[in-house]
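Structure record follows, encoded as structure tokens.
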Number of protein chains: 2
Amino acid sequence: MSRWEPDAEGRLGKAAITLFAEQGYDETTVAEIAEAAGLTKRTFFRYFSDKREVLFNGSHELAERWIGGIEAAPEDAGPMAAVSVGLDEVAELFADRHAFARLRSRIIAANPELQERELIKLQSLAGAIQAALVDRGVSVNAAILASQASVTVFHVAFAHWVEQDDPAALRRLMDESLEELRSVTAA
Amino acid sequence: MSRWEPDAEGRLGKAAITLFAEQGYDETTVAEIAEAAGLTKRTFFRYFSDKREVLFNGSHELAERWIGGIEAAPEDAGPMAAVSVGLDEVAELFADRHAFARLRSRIIAANPELQERELIKLQSLAGAIQAALVDRGVSVNAAILASQASVTVFHVAFAHWVEQDDPAALRRLMDESLEELRSVTAA
DNA sequence: GATCGAATGTCACTTGGTGTCATCACCCTA
DNA sequence: TAGGGTGATGACACCAAGTGACATTCGATC
């Protein structure tokens, strides 16, 4: 692709994570990140629409995996069952990224701006799931609620996952979260 | 309070909403808002931590009302039942603000930055509800899920409310949303 | 009416973010 | 192999959000 040093985007992402972890998000300027990657501020903004976005690159892949799982679910499965098939894919995706996920989570946890961005990414994920459910014949209202609920379940489980030490625990934590939601709403 | 023209904060808020509605959020600068209110940019940032915040002033009142309802719920009510009592209070709070809520919603809907801020406000609302539930003796996990679910229910119902024409429909829409969530998660 | 404190103004500055144009490295083709 | 095309990068100027430091203004109070 590029004719200079390869993978400008990857270098920028790596430099950003490193600097954020070392000295904090607010204390790191875009100019610094670019310089650490041997590029300029202008180039940073060609790859990332804003400074936060560099931490949310993977969200598209997450959505694709999850949606793929939903589409592959048996036709007669209900909305939550279909969503749960998607969670299998998601758990697999994160299987070897526990350390990275923890680092990234800590950075985000330390900064409200980043939490805002994370929430809107989850919201857009919920929107995609909703559409996938509607495609399966689920009613719009049910799809809204089911997608919101499942994203909440994922979010809660993911937060637990990064704060404990077993990289393989994600799927189990998601199931526990789902079960808890069931018992709470049933009451 | 103030010794100049009274209610600087109120004037800033009013000027902001008006300008945002007229010419859009991005196209309105803080300096413009301040000038319209007969103040300066610096004073704007003394009342509002950033430009978005001027649209989210009421969120504290919403949380207080909802929490008040939860605390007033019968001791033996389950988490979702207690939350639902809070929704009565919330519905009352918005009874005479339908037009304003619609205007504000349209502004927010037109701007992703503002949607981010809205989501984090809802998240903080969920956190407050969670704490109120824990105070009632609900387990932490159940409180997390119940608060998240109830905020989702509120969000969905509110979105419907501002897009239809009956200002008195909020409580009914919230109940419908809640029922939908029950039936979806039960499956 | 001197003084005090809270609210507001002034000013300079940093940083995120953008528009525009120049430049560079490579590829293709004559 | 010279030259032109093309997409990635750099250079530079600029705007607007947000902040820190200090000055000013008004009203209250003694």
Side-chain angles (χ1 to χ4, degrees), chain A residues 1-57 107-108 110-118 120-121, chain B residues 1-57 107-108 110-118 120-121:
Chain A
M1 280 275 113
S2 50
R3 291 87 191 255
W4 288 258
E5 289 300 301
D7 195 22
E9 182 169 344
R11 277 152 53 214
L12 286 167
K14 216 165 181 174
I17 289 259
T18 305
L19 288 169
F20 292 163
E22 277 174 4
Q23 56 188 37
Y25 177 82
D26 278 334
E27 290 69 35
T28 303
T29 75
V30 172
E32 268 181 290
I33 298 169
E35 194 190 347
L39 295 164
T40 63
K41 180 180 126 183
R42 196 69 189 81
T43 300
F44 179 94
F45 286 110
R46 285 201 183 91
Y47 284 99
F48 306 102
S49 59
D50 59 53
K51 184 180 169 187
R52 292 177 241 174
E53 198 58 22
V54 70
L55 282 169
F56 295 90
N57 243 352
I107 295 170
I108 293 173
N111 192 294
E113 282 184 53
L114 296 173
Q115 291 159 37
E116 290 190 355
R117 176 57 52 86
E118 176 155 79
I120 209 168
K121 290 289 180 182
Chain B
M1 278 274 111
S2 48
R3 292 85 189 256
W4 287 258
E5 289 299 303
D7 195 21
E9 182 169 344
R11 276 151 54 213
L12 286 167
K14 215 165 182 174
I17 289 260
T18 306
L19 288 169
F20 292 164
E22 277 173 6
Q23 58 188 37
Y25 177 83
D26 277 334
E27 290 68 36
T28 304
T29 74
V30 171
E32 268 181 290
I33 298 169
E35 195 190 348
L39 296 163
T40 64
K41 183 179 123 183
R42 198 67 187 82
T43 299
F44 179 95
F45 286 110
R46 285 202 182 91
Y47 284 99
F48 307 102
S49 60
D50 60 54
K51 184 181 169 187
R52 291 177 242 174
E53 198 58 24
V54 70
L55 282 170
F56 295 91
N57 242 352
I107 295 170
I108 292 173
N111 193 293
E113 282 183 53
L114 295 173
Q115 291 159 39
E116 290 190 354
R117 175 57 51 86
E118 176 155 80
I120 208 168
K121 289 288 180 182

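What you see below is based on every heavy atom in this structure, not just the backbone, and it leaves out hydrogens, waters and symmetry mates. Numbers restart at 1 for each chain; the letters A, B, ... are given by sequence-line order, proteins then strands.
- Going from atom CD of B:E27 over to atom P of D:dC15 covers 17 Å, rounded to whole Å.
- Distance CZ (A:F48) to P (D:dT9): 12 Å, rounded to an integer number of Å.
- In this structure B:R52 satisfies the salt bridge (charged side-chain N to carboxylate O under 4.0 Å, His left out) test together with A:E116, B:E113, sequence neighbours excluded.
- Between B:I107 and B:I17, the shortest heavy-atom distance links the atoms CD1-O, 4.0 Å.
- Near DNA chain D, meaning a heavy atom under 4.0 Å from it, residues 14-23 of chain A has no residue at all.
- Remark: A:Y25 pairs with A:F20 by the ring-ring contact (aromatic ring centres under 6.0 Å, His included) rule, at least two apart or across chains.
- A:E27 is linked by a side-chain contact (heavy atoms from CB on, under 4.5 Å) to nothing, counting only residues two or more places apart in sequence or in another chain.
- C:dT15 atom P lies 15 Å from atom CZ of A:F44, rounded to whole Å.
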Protein-nucleotides 23-25 of chain D N/O pairs closer than 3.5 Å?
none

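- A heavy-atom distance below 4.5 Å is found between the side chains of B:N57 and B:F48.
- When the C1' atom of D:dG10 is taken as reference, atom CZ of A:F45 falls 15 Å away, rounded to whole Å.
- Between A:E113 atom CD and C:dT15 atom C1' there is a gap of 11 Å when expressed in whole angstrom units.
- The ring-ring contact (aromatic ring centres under 6.0 Å, His included) search around A:F56 returns none, not counting sequence neighbours.
- Counting only residues at least two apart or on different chains, the side-chain hydrogen bond (donor to acceptor under 3.5 Å, both in side chains) pairs with a member in residues 29-38 of chain B are B:Q23-B:E32.
- Listed here is the closest heavy atom pair of B:V54 and B:L12: CG2-O, 4.3 Å.
- When all heavy atoms of A:I120 and B:P112 are compared, the pair lying nearest together is CD1-O, 3.6 Å.
- Summarising the geometry, the separation between CZ on B:R117 and P on D:dA17 is reported as 14 Å, rounded to the nearest angstrom.
- Listed by chain and residue number, B:R117 satisfy the salt bridge (charged side-chain N to carboxylate O under 4.0 Å, His left out) test with B:D50 (two or more places apart in sequence, or in another chain).
- Across the protein-nucleic acid pair, A:N111 atom CG and C:dT15 atom C1' stand 15 Å apart, rounded to whole Å.
- If you check residues 50-57 of chain A against DNA chain C, the residues with a heavy atom closer than 4.0 Å are A:D50, A:K51, listed by number.
- B:A36 approaches B:A15 most closely through the heavy-atom pair CB-CB, 3.9 Å.
- For residues 30-42 of chain A, proximity to DNA chain D is found at A:G38, A:L39, A:T40, A:R42, defined as any non-hydrogen atom under 4.0 angstrom from a strand atom.
- Taking atom CG on A:D7 and atom P on D:dT9, their separation rounds to 10 Å, with Å as the unit.
- Considering only side-chain N and O atoms, A:Y47 lies under 4.0 angstrom from the phosphate OP1 or OP2 of D:dT9.
- Residues satisfying the ring-ring contact (aromatic ring centres under 6.0 Å, His included) criterion with B:F45, sequence neighbours excluded, are absent altogether.
- Looking at residues two or more places apart in sequence or on another chain, you find no side-chain contact (heavy atoms from CB on, under 4.5 Å) involving A:A110.
- Taking all atoms of both residues into account, the shortest heavy-atom contact from B:L39 to B:A8 is CD1-CB, 3.8 Å.
- Each of A:S49 and B:T43 lies near DNA chain C, and the nucleotide nearest B:T43 is the one positioned closer to the 5' end.
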